[in-house]
Amino acid sequence: MADYYPLLAKAAAGLSGASPDARQAMYARARKALLGQLRAIDPPVAEEDIANESAALDAAIARVEAELFPATAPASAPD
């Protein structure tokens, strides 16, 4: 699996104003680009591998939000 955190952190930090809406739009573009690239590979990538990469991207997004923008990150659910 790729480490998406460094790329996302750099991109999020470079956003003008880094508003939550701007960051969410960036994350949506990243998800779309990742899925597009994985689905274009020939021979096809297994759906399980695509799901794993998507989960890795989502984990990196959550880490970026928690570490760089803690005031706007959603609160954790209580255990």
Side-chain angles (χ1 to χ4, degrees):
M1 256 183 277
D3 182 8
Y4 300 107
Y5 177 81
L7 180 63
L8 289 172
K10 183 176 180 180
L15 286 176
S16 177
S19 72
D21 288 340
R23 294 192 315 269
Q24 291 306 313
M26 180 195 65
Y27 301 144
R29 288 190 304 273
R31 285 184 186 100
K32 182 177 179 180
L34 175 65
L35 291 175
Q37 288 178 344
L38 291 175
R39 295 198 189 285
I41 295 174
D42 188 28
V45 176
E47 285 299 318
E48 180 179 351
D49 294 334
I50 292 173
N52 289 339
E53 288 298 322
S54 291
L57 179 64
D58 288 339
I61 290 169
R63 182 176 166 201
V64 166
E65 287 295 304
E67 292 181 7
L68 300 182
F69 308 99
T72 59
S76 300
D79 291 327

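In this chain, numbering begins with 1 at the start of the sequence shown. Predicted model, so just to flag it, every value in this text is computed and none were measured.
- With values rounded to the nearest 0.5 angstrom, Arg29 atom CZ is found 7.5 Å from Met26 atom CE.
- The two residues Ala56 and Ala2 make their nearest non-hydrogen contact at CB-O, 4.5 Å.
- Contact check for Leu8 versus Pro6: no side-chain heavy atoms found under the 4.5 Å cut-off.
- For residues 44-53, the pairs satisfying salt bridge (charged side-chain N to carboxylate O under 4.0 Å, His left out) are Arg39-Glu47, with sequence neighbours left out.
- Between Ile61 and Tyr5 there is no side-chain heavy-atom pair separated by less than 4.5 Å.
- Note on Val64: it clusters hydrophobically with Leu15, by side-chain heavy-atom contacts below 4.5 Å among ILVMFWY residues.
- Residue Leu57 is not grouped with residue Leu7 when hydrophobic side chains (ILVMFWY) are merged at heavy-atom distances under 4.5 angstrom, including chains of intermediate members.
- Every side chain to side chain donor-acceptor pair (under 3.5 Å) that Asp58 has, sequence neighbours left out, goes to Arg31.
- Between Ser54 atom OG and Leu35 atom CG the span is 4.5 Å, to the nearest 0.5 Å.
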